[in-house]
Amino acid sequence: MAFATHRIVRTLTSSASRSAAIKRVTVIGGGLMGAGIAQVAATTGHTVVLVDMDEDILKKSIKGIESSLKRVVKKKFADKPEAGEEFVQKVMNNVSMATDAASVVKSSDLVVEAIVENLKVKQGLFSALDKVAPEHTIFASNTSSLPIADIASSTSRLDRFGGLHFFNPVPMMKLVEVIKAPGTSQQTFDSLMDFTKALGKHPVSCKDTPGFIVNRLLVPYMLEAVRLYERGHGSKEDIDVAMKLGAGYPMGPFELLDYVGLDTSKFIIDGWYEKDPDNPLFAPSPILNKLVAEGKLGKKSGEGFYKYK
Ligand SMILES: C[C@H](O)CC(=O)SCCNC(=O)CCNC(=O)[C@H](O)C(C)(C)COP(=O)(O)OP(=O)(O)OC[C@H]1O[C@@H](n2cnc3c(N)ncnc32)[C@H](O)[C@@H]1OP(=O)(O)O
Ligand SMILES: NC(=O)c1ccc[n+]([C@@H]2O[C@H](COP(=O)([O-])OP(=O)(O)OC[C@H]3O[C@@H](n4cnc5c(N)ncnc54)[C@H](O)[C@@H]3O)[C@@H](O)[C@H]2O)c1
């Protein structure tokens, strides 16, 4: 009997130790990734506030979310266009926008950051939000390459801070890397895993190591393709075709670099090179640097390795 009571108490304790479900989400940064994360969270019934620096950027993000949703709906509701239209409206009603993050995080269960890939800027943002967010609010970064522990160190909630690394395009890519930094509590990690599943995504657990799993493999591969091109050992078109038809990749490395954003790719590689300059995989690329200096950031700016429009 005593044993049975103990078992009940243990069960209650372990379920009570899991934090309440995440319902209200603030997404900071309405670019490629933030807009996608907001879309998926809103589609799965979460209340989402999307934050960026000005209203023009936000209007563009909201328009992007609506057109992405329409692409999804065109297939999902192929024979019921009116139900599709209703679905889009219902999802859009779950999203609002704001330019002042501090005023909206007060009612958030989770803050997901998807701003520029720069440690100081991310730390500045989280440090400010830490002072105004409720105790229970979990902070997560979508960083591609920065240590979660370094970003979290700007706050006093190391236990309620983790990584949620989504993939581009977020509505289509099933994977999310959930990162448990040394300070992340098990309860926070469980909440982030549960949230990822509630989004209909497949989580994998990652240690807080540079590039986690996917980018540690993918970014050096893409940079090796650029170096092959820089050496004149193949045209970018041939390298792309080779990797699609010969290795079964959906996009070639130059197409993918343009898709990810050349600025983001450069931020990632520069950061790793600074930390480990002897690793040839992280060496800077003259062509990548030149394109970024010229404002050719890939698909999002209309030109990168290729031209768009
Ligand atoms: C660097 C970071 O930290 C980490 C990263 O994110 S690395 C990047 C990871 N991402 C990848 O590797 C992406 C590789 N590419 C792919 O998987 C595929 O090319 C892709 C899913 C992007 C597009 O699929 P693909 O069949 O090649 O092309 P496409 O014809 O444009 O799309 C097919 C359908 O997918 C859907 N779709 C594609 N993009 C979409 C989007 N953004 N929103 C909604 N639906 C979309 C649509 O239904 C579309 O059909 P439609 O054109 O009639 O609307
Ligand atoms: N592009 C990708 O494929 C990809 C994939 C996974 C993760 N990431 C990571 O996600 C983050 C965002 O990448 P992205 O490609 O969406 O970049 P992006 O350039 O498309 O968007 C960044 C957005 O953040 C906004 N922003 C910048 N500073 C801000 C601030 N202090 N407050 C509010 N908004 C601010 C910018 O106005 C911009 O709209 C980066 O950390 C990147 O490494 C990118």
Short side-chain to backbone donor-acceptor contact, S108 and V111, under 3.5 Å:
no
Check the pair D130 / R157 against salt bridge (Lys or Arg N to Asp or Glu O under 4.0 Å), numbers first and verdict last.
CA-CA 8 Å; D130 189 39; R157 59 181 79 210; 2.6 Å; yes
Smallest separation among heavy atoms of A149 and P182, with atom names
CB-CD, 4.3 Å
With under 30° as parallel and over 60° as perpendicular, where do the rings of F161 and F139 fit, or are they tilted in between?
perpendicular
Donor-acceptor contact present, side-chain D52 to main-chain I57, <3.5 Å
no
Hey, is K290 close enough to E294 for a salt bridge, meaning N to O under 4.0 Å?
yes
Locate the shortest heavy-atom distance separating T143 from H165; write the atom from each residue and the value.
O-CD2, 3.4 Å
Shortest non-hydrogen contact between T43 and F87, atoms and distance
CG2-CZ, 3.7 Å
Can L125 be reached from V121 by stepping across I, L, V, M, F, W or Y side chains whose heavy atoms are under 4.5 Å apart?
yes
Heavy-atom distance under 4.5 Å between the side chains of V178 and V204, does that happen here?
no
Non-hydrogen side-chain atoms of F305 and V226 separated by less than 4.5 Å
yes
Between E303 and G298, is there a donor-acceptor pair closer than 3.5 Å when you use the side chain of the first and the backbone of the second?
no
Under the 3.5 angstrom rule, does the side chain of R227 hit a backbone N or O of L281 as a donor-acceptor pair?
yes
Would I65 and V51 show up in the same hydrophobic cluster when neighbours are defined by side-chain heavy atoms closer than 4.5 Å?
no
For T137, all residues meeting side chain to side chain donor-acceptor pair (under 3.5 Å), sequence neighbours excluded
none
To the nearest 0.5 angstrom, please state how far the NZ atom of K122 sits from the CD1 atom of I28.
10.5 Å
Would you check if T184 and L158 make a side-chain contact, meaning some heavy-atom pair closer than 4.5 Å?
no
Path from L50 to V112 over hydrophobic side-chain contacts below 4.5 Å
yes
OG-CE distance between S191 and M193, expressed to the nearest 0.5 angstrom
11.5 Å
Using the rule that Ile, Leu, Val, Met, Phe, Trp and Tyr join whenever any side-chain heavy atoms are under 4.5 Å apart, tell me whether M33 and V72 fall into a single cluster.
no
How far apart are the closest heavy atoms of V48 and A42, and which atoms are they?
CG2-N, 3.7 Å
Nearest 0.5 Å, please: how far is CD in E66 from CE in M92?
4.5 Å
Give me each pair satisfying side chain to side chain donor-acceptor pair (under 3.5 Å) with a member in residues 259-282, each pair once, sequence neighbours excluded.
D263-K300, K266-D270, K266-N289
Checking F166 now: which residues fulfil ring pair (Phe, Tyr, Trp, His ring centres under 6.0 Å) with it, not counting sequence neighbours?
none
So, do K299 and L32 sit near enough that their side-chain heavy atoms are less than 4.5 Å apart?
no
I151/L119 under side chain to side chain contact (heavy atoms under 4.5 Å, CB included): CA gap, chis, key distance, verdict:
CA-CA 7 Å; I151 306 173; L119 179 62; 3.8 Å; yes
Are S127 and S154 linked by a side-chain donor-acceptor pair shorter than 3.5 Å?
no
Side chain to side chain donor-acceptor pair (under 3.5 Å) against K236, all qualifying residues, sequence neighbours excluded:
none
What distance separates T188 OG1 from I138 CD1, expressed to the nearest 0.5 Å?
4.5 Å
Is the shortest heavy-atom distance from the side chain of V27 to the side chain of V49 under 4.5 Å?
no
What is the distance from atom CD1 of I287 to atom CD of E230, rounded to the nearest 0.5 Å?
4.5 Å
Report, as yes or no, whether the 6.0 Å neighbourhood of atom CD on E237 holds more than 12 heavy atoms from other residues, nucleotides or ligands.
yes
State, with a plain yes or no, whether a side-chain heavy atom of F189 is found less than 4.5 Å away from one of S205.
yes
In terms of heavy-atom contacts, V104 and A98 come closest through CG1-CB, 3.7 Å
S61 side chain to G30 main-chain N or O, any donor-acceptor pair under 3.5 Å?
yes
Pairwise ring-ring contact (aromatic ring centres under 6.0 Å, His included) hits with a residue in residues 226-253, at least two apart
Y221-Y249, Y229-F254
When clusters are formed by joining ILVMFWY residues with side-chain heavy atoms under 4.5 Å apart, either directly or through shared neighbours, do I269 and F267 land in the same one?
no
Between H46 and N94, is any side-chain donor less than 3.5 angstrom from a side-chain acceptor?
no
If we ignore angles and hydrogens, is there a donor and acceptor under 3.5 Å between the side chains of Q186 and D190?
yes
To the nearest 0.5 Å, what is the distance between CG (L146) and CD (E117)?
4.0 Å
M251 pairs by side-chain contact (heavy atoms from CB on, under 4.5 Å) with which of L256, V260, L257, D258?
L256
For a side chain to side chain contact (heavy atoms under 4.5 Å, CB included) check, start with the C-alpha distance between Q39 and L69, then their side-chain angles and the critical distance, and finish with the verdict.
CA-CA 8 Å; Q39 176 182 332; L69 270 174; 4.1 Å; yes
Is a donor on one side and an acceptor on the other found under 3.5 Å between the side chain of N215 and the backbone of L218?
no
On a heavy-atom basis, which atom in S141 and which in F126 lie closest, and how many Å separate them?
CB-CE1, 4.4 Å
Go through T26 and L110 one step at a time and tell me if the side chain to side chain contact (heavy atoms under 4.5 Å, CB included) criterion holds.
CA-CA 6 Å; T26 297; L110 172 71; over 6 Å; no
L164 and T196, any side-chain heavy atoms less than 4.5 Å apart
yes
So V91 and N93, do their side chains get closer than 4.5 Å, heavy atoms only?
no
Would F77 and E82 satisfy side chain to side chain contact (heavy atoms under 4.5 Å, CB included), going step by step from the backbone distance to the final call?
CA-CA 8 Å; F77 294 87; E82 276 170 24; over 6 Å; no
Looking at R24 and D109, does any basic side-chain N land under 4.0 Å from a carboxylate oxygen?
yes
Sequence neighbours excluded, the answer for side chain to side chain donor-acceptor pair (under 3.5 Å) partners of K244 is E255
May I ask you to decide if V170's main-chain N or O and K201's side chain share a donor-acceptor pair within less than 3.5 Å?
yes
